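To start, the structure itself, in structure tokens.
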Amino acid sequence: MLQQLVTIRLAVPEDLQAIDEIYNQAIEIKATAHTSPLTIEERKSWFEYHEPALFPVYVAVANDAVIGWISFSPYRSGRQALKFTAEISYYIHRDFWSRGVGSQLLEFAINEAPKLNFSVLIAILLEHNKASVSLLKKFAFEKWGFLHEVAEYDHNKCGQYYYGLILRP
């Protein structure tokens with residue numbers, strides 16, 4: 001039922017508080033490599049870096065509230081041969097986990113990517129993020145790599161997966 005109520009649109013500066021809150025929820029559960037909450041000032045810098053025509057940020061909205069977001073970012077910024085590859089990142093408000101929002105955002109991004117001249121999408125995630133692994137596999141992303149013990153939380157190390165999708169016309 002939620003899927004009919006969700007709309008996806010380009011993020012605007014007024015969404016930054018909600019985007020930051022959702023991301024900081026991911027930090028709390030160690031679903032990202034940041035270990036302390038980001039400030040709204042840090043989020044503003046990040047948002048300015050994501051120029052809508054090149055590397056947009058989109059939000060999922062239900063009942064006038066941002067409940068999730070997805071972004072395109074440069075993969076290895078400044079390396080011209082990689083300009084058709086984008087890293088995607090997505091986060092869902094904890095009150096909306098397992099309700100199809102991640103699927104809607106990822107499907108939307110896959111459809112938008114060719115319009116932005118991306119032919120390859122990469123998702124980089126921590127190995128214990130089983131929900132993201134399942135979501136990526138659902139959309140035909142394949143595991144392209146694994147970096148052992150690159151992240152550490154409370155003296156416990158974990159690896160990082162690289163999942164990729166080649167977009168076919």
Side-chain angles (χ1 to χ4, degrees), residues 1-11 15 18-35 37-38 43 46-47 50 55-63 65-76 82 84-116 118-151 153 156-169:
M1 181 189 331
L2 177 66
Q3 291 184 342
Q4 287 85 21
L5 303 174
V6 174
T7 58
I8 298 172
R9 62 166 171 75
L10 198 59
D15 298 324
I19 288 170
D20 202 40
E21 176 188 340
I22 292 166
Y23 187 77
N24 287 337
Q25 289 175 358
I27 293 171
E28 289 175 20
I29 63 165
K30 298 175 177 60
T32 182
H34 282 107
T35 57
L38 297 185
R43 182 59 59 197
W46 168 87
F47 189 67
H50 284 81
F55 297 101
V57 178
Y58 298 99
V59 292
V61 179
N63 297 323
V66 173
I67 61 170
W69 58 271
I70 193 163
S71 65
F72 291 100
S73 299
Y75 177 70
R76 311 259 345 236
L82 300 172
F84 300 111
T85 300
E87 180 184 347
I88 57 162
S89 301
Y90 48 87
Y91 298 89
I92 311 305
H93 190 284
R94 64 176 149 232
D95 293 345
F96 294 90
W97 289 347
S98 301
R99 300 200 31 209
V101 179
S103 291
Q104 286 183 273
L105 283 167
L106 195 51
E107 182 176 18
F108 181 87
I110 290 168
N111 290 329
E112 288 297 302
K115 299 173 192 173
L116 297 163
F118 299 132
S119 56
V120 177
L121 298 178
I122 293 177
I124 304 169
L125 56 147
L126 297 168
E127 70 179 298
H128 57 254
N129 192 340
K130 306 294 185 210
S132 274
V133 169
S134 294
L135 180 61
L136 292 167
K137 287 181 176 179
K138 176 181 174 180
F139 285 91
F141 279 74
E142 297 175 331
K143 184 168 59 171
W144 286 356
F146 181 72
L147 304 176
H148 296 272
E149 298 186 2
V150 295
Y153 301 93
N156 295 311
K157 294 187 178 190
C158 75
Q160 194 174 53
Y161 288 120
Y162 275 64
Y163 273 79
L165 177 68
I166 298 173
L167 301 169
R168 305 283 183 210

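From a predicted model like this one, the values you see are computed outputs, not experimental measurements.
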| task | Decide yes or no on side-chain contact (heavy atoms from CB on, under 4.5 Å) for Tyr163 and Ser132, but give the supporting numbers first. | result | CA-CA 10 Å; Tyr163 273 79; Ser132 274; over 6 Å; no

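- Within the model, atoms CD1 of Ile124 and CD1 of Ile88 stand 10.5 Å from one another, a figure rounded to the nearest 0.5 Å.
- Closest heavy-atom contact between Cys158 and Tyr153: SG-CE1, 4.0 Å.
- Annotation for Val101 and Ala60: closest pair CG1-CB, 3.9 Å, computed over non-hydrogen atoms.
- Counting heavy atoms from C-beta on, the side chains of Phe141 and Ile110 come closer than 4.5 Å.
- Taking the side-chain hydrogen bond (donor to acceptor under 3.5 Å, both in side chains) definition, one finds that Ser89 meets it with nothing, sequence neighbours left out.
- Among all heavy-atom pairs drawn from Leu135 and Ser103, the shortest one is CD1-OG, 3.5 Å.
- The CG atom of Leu136 lies 6.0 Å from the CG atom of Leu106; values are rounded to the nearest 0.5 Å.
- Using a 4.5 Å heavy-atom cutoff, the side chains of Tyr58 and Leu10 are in contact.
- Between Leu116 and Phe55, the closest side-chain pair of non-hydrogen atoms is not below 4.5 Å.
- Residues Leu147 and Tyr162 meet the side-chain proximity criterion, which asks for heavy atoms closer than 4.5 Å.
- Every pair tested for salt bridge (charged side-chain N to carboxylate O under 4.0 Å, His left out) that includes a residue from residues 159-169 fails, sequence neighbours excluded, so the list is empty.
- Relative ring orientation between Phe146 and His148 is described as perpendicular, the plane-to-plane angle rising above 60° on a 0-90° scale split at 30° and 60°.
- Considering only heavy atoms from C-beta on, Ile19 comes within 4.5 Å of Trp46 through its side chain.
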| message | Could you walk me through whether Asp20 and Phe47 satisfy the side-chain contact (heavy atoms from CB on, under 4.5 Å) test, starting with their C-alpha distance in whole Å, then the side-chain angles of each, then the deciding distance to 0.1 Å, before giving a yes or no? | response | CA-CA 10 Å; Asp20 202 40; Phe47 189 67; over 6 Å; no

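- Here the CG atom belonging to Asn63 is positioned 10.0 Å from the OG1 atom belonging to Thr7, to the nearest 0.5 angstrom.
- Once rounded to the nearest 0.5 Å, the distance linking CD1 of Ile67 with NE2 of His93 reads 9.5 Å.
- The salt bridge (charged side-chain N to carboxylate O under 4.0 Å, His left out) pairs that include a residue from residues 86-97 are Glu28-Arg94, where partners are two or more places apart or lie in different chains.
- Separating the CD1 atom in Ile122 from the CG atom in Leu82 is a distance of 8.0 Å, to the nearest 0.5 Å.
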| task | Would you check, one step at a time, whether the test side-chain contact (heavy atoms from CB on, under 4.5 Å) holds for Glu112 with Phe118? | result | CA-CA 9 Å; Glu112 288 297 302; Phe118 299 132; over 6 Å; no

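- Here the side chains of Tyr23 and Leu38 are in contact, with some heavy-atom distance below 4.5 Å.
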| Candidate pair Ile92 and Leu105, rule side-chain contact (heavy atoms from CB on, under 4.5 Å), full reasoning | CA-CA 9 Å; Ile92 311 305; Leu105 283 167; 3.6 Å; yes

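- Leu121 is not listed as a side-chain neighbour of Phe139, based on a closest heavy-atom distance of 4.5 Å or more.
- When all heavy atoms are compared, the tightest approach of Ala11 to Val59 is CB-CG1, 3.8 Å.
- Between atom CZ of residue Arg99 and atom CD of residue Gln104 there is a gap of 11.0 Å, rounded to the nearest 0.5 Å.
- Ring geometry, Tyr91 versus Trp69: the interplanar angle falls from 30° to 60°, so the pair is classed tilted.
- Contact annotation: the side chain of Arg9 approaches that of Val61 to within less than 4.5 Å [non-hydrogen atoms, C-beta and beyond].
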